[in-house]
Amino acid sequence: MYSTTQGTMFKAIQQALFSTGLQLPKFTPGESQSQDYEVRTYQPTKWVSTQVTGLQYDPSLSTGFMRLFRYIQGSNENKEKVEMTAPVTCLVNPGDGPACESNFTVSFYIPEQHQDNPPKPTDPEVFVEERKEFTVFVRTYGGFSNEQKSREQLLMLVESLRRDGLSFEEKPYYTAGYDSPFKLTNRRNEVWLFKKTDGQQ
């Protein structure tokens, strides 16, 4: 049965994600050797995050998204609504084998007006994450993303970076989604691989 509560939540998600001009975290573009990927250095920022352990990416992302969506709808100590931002990122730390669980950290960027003092989450599974400056290689693709599609794009990014002789971390990696599930065209998705810092083997 489709409950009234589900209907209200669905409508709230639709309204939050259909708003245009969502705030994005600031980054400095770097020089890329190719047009099939970008280099970005993200500034230190705060994100609201939650960790999910599971065998599959898609249900884990959905579980994490709903926890964070409740936070921005007022499930915090201030009972304050927080603006939706983009992208929704998921840090994927793959398990050691096919039947091993992976760790997924799903995150929303905290809007600038709350960066200094974000409302504290009331859900013990939700926390404020302070990201230090980091540099990533980014591949962008369209359409509706899922686990298979993000893995395919990640492998293409790996091939490009190896071709260009660049040093990167194979895991963990990020996926990033910029659009509401209700947007049908001109969708934007990304996969990010960390650039190895000086001194890393």
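Bear in mind the structure is a predicted one, so any value in this text is a computation, not a measurement. Quick note: residue numbers are just sequence positions, from 1.
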Legend entry - Heavy-atom donor-acceptor pair, R188 side chain to A176 backbone, under 3.5 Å: no

Inset, instruction - Taking the side chain as every heavy atom from C-beta outward, state whether S150 and Y141 have any pair of such atoms under 4.5 Å apart. - result: yes

Legend entry - Expected output: side-chain Q115 to main-chain K46 donor-acceptor under 3.5 Å: yes

Legend entry - Spatial distance of atom OG (S160) from atom CD (Q35) [nearest 0.5 Å]: 12.0 Å

Legend entry - Min side-chain heavy-atom separation R131-S107 under 4.5 Å: yes

Inset, instruction - Could you tell me which non-hydrogen atom of S102 sits nearest to which non-hydrogen atom of P94, and how far apart they are? - result: OG-CA, 3.4 Å

Legend entry - Distance, nearest 0.5 Å, that separates CG of L24 from CD of E112: 10.0 Å

Legend entry - Heavy-atom closest pair, residues E83 and P111: O-CG, 3.6 Å

Inset, instruction - Go through the side-chain N and O atoms of Y71 and T50 and say whether any donor and acceptor fall under 3.5 Å apart. - result: no

Inset, instruction - Kindly work out whether a path of hydrophobic side-chain contacts (I/L/V/M/F/W/Y, heavy atoms less than 4.5 Å apart) joins L91 to F104. - result: no

Legend entry - Sole candidate of E80, M84, K79, K81 that passes side chain to side chain contact (heavy atoms under 4.5 Å, CB included) when paired with Q73: K81

Legend entry - Distance (rounded to the nearest 0.5 Å) between N93 CG and E101 CD: 13.0 Å

Inset, instruction - Starting from the C-alpha separation in whole Å, work towards a yes-or-no answer on salt bridge (charged side-chain N to carboxylate O under 4.0 Å, His left out) for R70 and E125. - result: CA-CA 12 Å; R70 285 190 286 269; E125 293 185 296; over 6 Å; no

Legend entry - Connected via hydrophobic side-chain network under 4.5 Å: V106 and L154: yes

Inset, instruction - State yes or no: do F65 and I110 share one hydrophobic cluster built from I, L, V, M, F, W and Y residues joined by side-chain heavy-atom distances below 4.5 Å, directly or via other members? - result: yes

Legend entry - Nearest heavy atoms of A86 and Y178, plus distance in Å: CB-CD2, 4.0 Å

Legend entry - Member of V136, L161, V138 meeting the side chain to side chain contact (heavy atoms under 4.5 Å, CB included) criterion with L193: L161

Legend entry - Heavy-atom side-chain proximity of P44 to E133 below 4.5 angstrom: yes

Inset, instruction - Hey, could you give me the CG/OG distance between D179 and S145, rounded to the nearest 0.5 Å? - result: 11.0 Å

Legend entry - Short side-chain donor-acceptor distance under 3.5 Å, S75 and T122: yes

Inset, instruction - Say whether V88 and L68 are linked into one hydrophobic cluster, either directly or through other cluster members, by side-chain heavy-atom distances under 4.5 angstrom. - result: yes

Inset, instruction - Indicate yes or no: at least one non-hydrogen side-chain atom of T140 is less than 4.5 angstrom from one of E38. - result: yes

Inset, instruction - Look at the side-chain heavy atoms of Ile, Leu, Val, Met, Phe, Trp and Tyr, link any pair under 4.5 Å apart, and say whether M66 and V126 land in one connected group. - result: yes

Legend entry - is_close_aromatic(F194, Y174), centroid dist under 6.0 Å: yes

Inset, instruction - Please say which of Y37, Y42, F137, F168 ends up in a ring-ring contact (aromatic ring centres under 6.0 Å, His included) with W192. - result: Y42

Legend entry - Verdict with supporting geometry, D36 and R163, side chain to side chain contact (heavy atoms under 4.5 Å, CB included): CA-CA 12 Å; D36 52 7; R163 176 198 67 208; 3.2 Å; yes

Legend entry - Smallest separation among heavy atoms of N76 and V82, with atom names: ND2-CG2, 4.3 Å

Legend entry - OH-NZ distance between Y57 and K149, expressed to the nearest 0.5 angstrom: 12.0 Å

Legend entry - Carboxylate-amine/guanidinium proximity below 4.0 Å for E159 and R139: no

Inset, instruction - Assess the side chains of Q113 and Q23: does a donor N or O sit below 3.5 Å from an acceptor N or O? - result: yes

Inset, instruction - Mind checking the CD-CG spacing from E147 to L61? Nearest 0.5 Å is all I need. - result: 10.5 Å

Legend entry - Nearest heavy atoms of S49 and T105, plus distance in Å: CB-CG2, 4.0 Å

Inset, instruction - Compare all side-chain heavy atoms of S34 with those of D164 and state whether any distance is below 4.5 angstrom. - result: yes

Inset, instruction - Taking the side chain as every heavy atom from C-beta outward, state whether E190 and P87 have any atom pair closer than 4.5 Å. - result: no

Inset, instruction - Check whether any side-chain heavy atom of K132 sits under 4.5 Å from a side-chain heavy atom of F134, and report yes or no. - result: no

Inset, instruction - List the atom of R67, the atom of V52, and the distance in Å for their closest heavy-atom pair. - result: NH1-CG2, 3.8 Å

Legend entry - E152, CD: over 12 other non-hydrogen atoms inside 6.0 angstrom: yes

Inset, instruction - Would you check if the side chain of K120 reaches a backbone N or O of V128 as a donor-acceptor pair within less than 3.5 Å? - result: no

Inset, instruction - Would you confirm whether N189, through its side chain, and G177, through its main-chain N or O, come within 3.5 Å as a donor-acceptor pair? - result: no

